[in-house]
2 protein chains.
Amino acid sequence: MPATQREVARRAKTSLKTVSRVINNDPLVNAETRARIEAIIAEVGYEPHQAARMMRSQKSNIIGFLADGVATYPSSIDLVRGAQDVAWERGKQMMLFNIERGRPSSAMADSQLAAFRAEAIIYAATFHQQVDIEPTSVPHILLNCFDGGGRHPSILPDDYQLARDITRIIFERGYRRPVFLNLNTDIVASHLRGKGFIEGAAAAGLDASARVHIAVKSAAGAPTEFGTRRILADLFSGGDRPDLVLCGQDIMAMNVYFELAELGLKVGKDVAVASFDNLDPIAGLLQPGLSTMELPYYEMGRAAMNLAIDGATHNQVLRLKGKFIERSSL
Amino acid sequence: MPATQREVARRAKTSLKTVSRVINNDPLVNAETRARIEAIIAEVGYEPHQAARMMRSQKSNIIGFLADGVATYPSSIDLVRGAQDVAWERGKQMMLFNIERGRPSSAMADSQLAAFRAEAIIYAATFHQQVDIEPTSVPHILLNCFDGGGRHPSILPDDYQLARDITRIIFERGYRRPVFLNLNTDIVASHLRGKGFIEGAAAAGLDASARVHIAVKSAAGAPTEFGTRRILADLFSGGDRPDLVLCGQDIMAMNVYFELAELGLKVGKDVAVASFDNLDPIAGLLQPGLSTMELPYYEMGRAAMNLAIDGATHNQVLRLKGKFIERSSL
DNA sequence: TAGCAATTGTCTCACGTTGTCATAAGGCGA
DNA sequence: TCGCCTTATGACAACGTGAGACAATTGCTA
């Protein structure tokens with residue numbers, strides 16, 4: 001059984017309250033008394049009992065983090081890391097759950113967080129999407145997703161800007177016939193990136209509106225299935241062959257590598273490839289290494305936790321920029 | 001402010017004690033009274049205050065889960081899921097942390113678990129390895145790793161058996177010239193799988209002791225770098241060309257796909273490939289799909305949590321078998 | 001009518017911590 | 001010496017829950 005303040009007080013031959021003062025850094029303690037008590041704390045390995053603190057202070061210092069569907073998409077780890085780091089920096093406890101929305105795991109996590117009187121809940125999705133979260137008495141922060149009714153504050157990647165940035169880089173490097181194999185239209189990022197790509201190309205003097213193709217067959221949530229084979233075959237059979245394929249995500253890029261090889265084309269030599277995600281370890285292991293726009297997941301996680309702790313004043317939407325990761329495919 | 005038992009009692013016009021009886025399933029309550037009180041509990045959304053329960057009952061019902069280095073290797077998600085499922089099934093709370101051993105995150109997680117009076121701690125590694133965990137007053141269960149001094153119970157994949165199983169399948173399907181591109185020798189699984197492969201081949205009448213090659217350059221922990229290029233070039237330049245390449249892990253298999261293509265060899269036609277991990281989503285996205293031995297992570301997670309809850313009687317080591325996942329590379 | 005079982009209520013305590021208030025000791029100016 | 005301030009320490013209560021001891025009430029049976 002771990003030691004209590006009472007036990008420390010008994011050994012230090014002092015009162016309970018003085019021990020409490022030492023632990024809470026109350027300046028009203030004599031330096032010698034403090035040293036003596038601290039020595040005993042170290043000796044018996046005393047750790048404050050979190051539950052008792054929660055009782056007494058009537059606040060839990062707990063922020064819940066619901067990671068929806070991590071299993072199917074590993075990038076959300078950085079969302080978790082960012083949030084966890086901020087929680088520790090700011091003296092909060094983060095309670096993390098991997099859930100699947102609508103499944104029992106979700107209900108269990110909710111009730112556990114309620115039982116612990118969590119002060120806020122961060123709900124993180126694995127890709128930029130709309131969700132429908134009913135407001136409750138505990139504030140929710142939506143991470144990598146947003147509420148249709150705008151009922152919750154939200155942290156998102158700036159997908160439009162990501163696409164504009166990489167498109168700018170593409171043209172700066174002299175590519176003139178890029179195509180964009182985009183994600184499914186029911187994925188929010190798809191619209192935004194398509195817009196970023198087209199407007200980025202327009203800024204470089206190219207009308208790229210016919211150079212965007214939807215290359216994901218499956219709906220969101222289902223196992224990913226790509227429609228790249230036919231699209232690439234068409235694109236590379238005509239006269240105006242693309243000099244670059246921009247992919248909607250790194251795993252699509254992986255698929256594209258294989259399909260291009262099938263067509264006898266060598267990535268980085270016959271055609272360039274770029275993408276979005278910087279998915280570990282795929283992006284680095286492809287040959288040649290995949291140049292890709294990294295999504296700002298770590299910073300998004302940090303921002304969400306800060307918002308959860310400080311409380312959002314209104315249901316703001318925060319969009320964060322990404323970073324270009326250079327390898328040799330572009 | 002969430003409701004308390006007192007508030008429920010007030011609304012139900014009954015006593016605190018009766019509400020307490022309902023919540024703790026005391027049979028000495030009239031069925032109608034119980035129904036009435038349960039209705040009010042649902043109405044006000046009462047959830048027992050976990051901190052108060054911990055205080056009163058002097059037990060936390062909390063099991064800590066330290067996931068070391070998830071960021072670098074996503075397969076451990078299933079370890080987490082297995083443990084989480086069992087925790088919920090058995091009425092325990094699991095506190096999950098992504099840590100990096102030796103880094104501040106590790107110390108923070110430890111002290112948070114101490115503050116919550118965790119009853120046991122599961123320490124999970126991302127690959128089968130030896131670790132050195134000092135015994136403390138709270139019992140540790142090692143998951144996917146083991147203690148050098150045998151001071152903790154341990155749950156491991158049965159790497160020897162995994163290799164034997166896939167080797168048996170390989171010979172059953174008629175392959176006669178397999179090579180095994182193994183992991184680094186400082187990875188424990190490497191020895192066990194090498195042994196499983198050689199003994200499996202021996203059972204089929206082949207001396208495979210010269211058919212195992214170490215194909216990972218980097219040490220454990222560092223970014224993965226493979227030495228497959230030279231090895232494959234050598235193997236496929238001679239007369240006795242392998243008909244199958246067994247890889248130590250799926251990401252190595254991915255690398256091997258590229259290197260074989262480089263040599264002008266088509267996986268599934270000119271040469272078969274098999275591997276270990278069933279790493280999502282890589283194994284399914286490679287073309288052709290990668291046939292691989294799935295590691296029993298989910299079941300290992302479950303076993304670890306059961307052991308954490310029940311308490312280990314001795315520092316046993318439990319080894320779990322894997323499952324062959326058939327795709328078309330073999 | 002007494003006695004019994006079933007049901008509900010009252011009261012009290014304890015868990016570990018910390019805020020409020022009280023107390024004690026020492027210094028200092030009037 | 002007294003009053004007052006500062007510094008240091010202590011006594012006590014309360015947070016929400018659960019449990020024990022026991023009383024009170026009701027309805028039923030012998």
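In this text the structure is predicted, and so the values were computed from the model without any measurement. All chains are named by letter (A, B, ...) in the order of the sequence lines, taking the proteins before the strands, and each is independently numbered beginning at 1.
One N or O donor and one acceptor, one from the side chain of A:K17 and one from the base of C:dG19, sit under 3.5 Å apart. Side-chain N/O atoms of B:R56 and base N/O atoms of C:dG16 include no donor-acceptor pair closer than 3.5 Å.
Candidate nucleotides D:dG18, C:dG16, D:dT7 were compared by shortest atom distance to the side chain of A:L28, and D:dT7 ranks first. Of the candidates C:dG9, C:dT18, C:dT17, the closest approach to any side-chain atom of A:R6 belongs to C:dT17.
Applying the 4.0 Å criterion to OP1 and OP2 of D:dG16, one finds that B:T4 has every side-chain N and O outside that range. Residue A:S57 places none of its side-chain N or O atoms closer than 4.0 Å to OP1 or OP2 of C:dT18. In terms of phosphate contacts, B:Q5 brings a side-chain nitrogen or oxygen within less than 4.0 Å of OP1 or OP2 of D:dG18. OP1 or OP2 of D:dT9 sits under 4.0 Å from a side-chain N or O of A:T33. The shortest distance between the side-chain N/O atoms of A:T14 and the OP1/OP2 oxygens of D:dT9 is not below 4.0 Å.
Between the CG atom of A:N24 and the C1' atom of C:dT17 there is a distance of 9 Å, rounded to whole Å. We find that CZ of A:R53 is positioned 19 Å from P of C:dC15, with the value rounded to whole Å. With rounding to whole Å, A:R117 atom CZ is found 11 Å from D:dT17 atom C1'. In this entry the distance linking CG of A:N30 with P of C:dG26 reads 13 Å, nearest Å. A straight line from NZ of A:K59 to P of C:dT18 spans 12 Å, rounded to a whole angstrom. Going from atom CZ of B:R34 over to atom P of C:dA6 covers 15 Å, rounded to whole Å. The separation between B:N25 atom CG and D:dG18 atom C1' is 14 Å, rounded to whole Å. One atom, CD of A:E47, and another, C1' of C:dT17, lie 14 Å apart when rounded to the nearest Å.
In terms of position along DNA chain C, the nucleotide closest to B:E32 lies nearer the 5' end than the nucleotide closest to the other residue of the pair B:Q58 and B:E32. Of the two residues near DNA chain C, B:R21 and B:A52, the one whose nearest nucleotide lies more 5' is B:R21.
One finds the CD1 atom of B:I23 at 10.0 Å from the CD atom of B:E47 (value rounded to the nearest 0.5 Å).
Residues A:Y123 and A:I99 have side chains in contact (heavy-atom distance under 4.5 Å, counting atoms from C-beta outward). The closest side-chain heavy-atom distance from A:E119 to A:N61 is below 4.5 Å. A heavy-atom distance below 4.5 Å is not found between the side chains of A:I40 and A:V19.
The residue B:L16 sits apart from the nucleic acid: no heavy atom pair falls under 4.0 Å.
Judged by distance alone, the side chain of B:D158 and the main-chain N or O of B:R319 form no donor-acceptor pair under 3.5 Å.
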